[in-house]
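Every heavy atom of this structure was used, including side-chain atoms; hydrogens, water molecules and symmetry mates were not. Each chain gets a letter, A, B and so on, in the order its sequence line appears, and its residues count up from 1.
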2 protein chains.
Amino acid sequence: MVKVLVVDDDQDLRDNLMEVLTENGFSPDSAENGEIALEKLQDDTFELVLLDSVMPGMDGLETLPLIKRTYPKTRIIMLTAFSTVNSAVEAMRNGADDYITKPFKIDELLVAIRRCLEEAKFGVCEEILNSDDMFKCLANATRRKVLLLLYRESKLRFMDLTRKLNIDDHTKVNFHLKSLKDAHLIEQDRRKNYQLSPKGKKIVSCMSSIASS
Amino acid sequence: MVKVLVVDDDQDLRDNLMEVLTENGFSPDSAENGEIALEKLQDDTFELVLLDSVMPGMDGLETLPLIKRTYPKTRIIMLTAFSTVNSAVEAMRNGADDYITKPFKIDELLVAIRRCLEEAKFGVCEEILNSDDMFKCLANATRRKVLLLLYRESKLRFMDLTRKLNIDDHTKVNFHLKSLKDAHLIEQDRRKNYQLSPKGKKIVSCMSSIASS
DNA sequence: CACAGTTGATAAGTTTTCTTCACAAAGAGA
DNA sequence: TCTCTTTGTGAAGAAAACTTATCAACTGTG
């Protein structure tokens, strides 16, 4: 169920939208200004926020960048009564994914919501397709072994790693380590110890969860 | 530091084990029955649970499957005063990784703990290193694209897939599909529609969680 | 300083993977 | 039936990845 947060100071509009969204298979919640919206976003994960630009208290234009910075994957559609080209452009630049002017037809909004969520999916797709280095790296058994060794031992020097891998030619290990470094899966500290990067750590746990299925 | 949870109703034994485990470089915590153990497991991640089988409240044999189902990677060593072949077999079938009868020497327990943790490590390692086909498969952008397409569209026929990929040479697509089939990431139904296998689905979700980090 | 072990870059040769092409069986429709 | 699309195989050349070998910079130690 897709969670949507409606942020508007007009209670009637909030109630109305909540009802329509529920009917259309969404799981909505609402907030009457920016502060409350941010609190709710902290407690729960929303895929989409419908954000009124003019509100008493913290308004939408102010809230927008705060939301986007903390929750970059959350989609935001701005709702506003005062439509000017400038404010629209400004909102889009600050990270709004779409922009609808009041009054709007409910179908218009639903279309925007669906397109917005659809694009979000595509976004994930793009990210995955572009992480080519990472997958190329994982394709090699030696390199996966290195990741696991570093996962278990936290830090290892070059020659220790080479010995643990049972590889006598150190230049071969070097080749693979370079490839892992280029893909940002491992990194070196000042003393040249090799260790997993945060990304590398994440991957090892993912690897085990996949392998054990 | 390896976290170990000691679950036993005997306070003396708990305190004693906590001390010994601390001395031996573990980071132990304790619980006096199954309910409390489950709460602690929720709050914190333990690599190993030492679980008494007979306790007032929720006993060990009852708790065992609950823990294993929710935290499949957590290792569990059963401790019990009433050793029968049946209860041991039953416990092992329910997911216990080892089984020790009271009274036991502390060294005996430590050996069991170390072996248990070592096996856990080795298990993950072996599994991952052997899933070579899978990683080789994911190394190719076209094949990842196929997985994503199938993830989004559920089922696709060969030529539809080819067109969606914008590849004019269908034999090339065929080559990659074969490779995906061999790695058991996709499968075909009677009507030759291609779709993700359960493993394939799991991988796509893992892929997105890694990519978006 | 000199030396031994460590760490790493680069280039040539080898193996694996990918692409392309030629061909063919199975099914759908005129 | 004949034709066209779909679905698929196998093999040879092109491209990428991997291995191996040569050389060099850095590290610490006696």
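- Nucleotides of DNA chain C nearest to B:F175 and A:K192 differ in position, and the one nearer the 5' end is that of A:K192.
- Side-chain atoms of B:T142 and base atoms of C:dC18 include no donor and acceptor less than 3.5 Å apart.
- Heavy atoms of other residues, nucleotides or ligands lying less than 6.0 angstrom from NZ of B:K155 number more than 12.
- Between the side chain of A:H170 and the base of C:dT7, at least one donor-acceptor pair of N or O atoms lies under 3.5 Å.
- Residue A:S179 is out of contact with every strand shown, counting any heavy-atom pair closer than 4.0 Å.
- Here C:dC18 presents its C1' atom at 14 Å from CG of B:N174, a figure rounded to the nearest Å.
- Note on B:R143: only backbone sugar-phosphate atoms sit closer than 4.0 angstrom, heavy atoms only; bases stay farther off.
- A straight line from CG of A:L161 to C1' of C:dT6 spans 13 Å, rounded to a whole angstrom.
- Nucleic acid contact class of A:R191 (heavy atoms, under 4.0 Å, all strands): none.
- Here C:dC18 presents its P atom at 11 Å from CG of B:L180, a figure rounded to the nearest Å.
- Nucleotide C:dT6 holds its P atom 14 Å from the CG atom of A:L156, rounded to whole Å.
- Distances were taken from every side-chain heavy atom of A:M159 (C-beta onward) to each of D:dT6, D:dT20, C:dT7; the shortest belongs to C:dT7.
- Out of C:dG8, C:dC21, C:dT10, the shortest distance to the side chain of B:T171 is found at C:dC21.
- Atom NE2 of A:H176 is separated from atom C1' of C:dG8 by 15 Å (rounded to the nearest Å).
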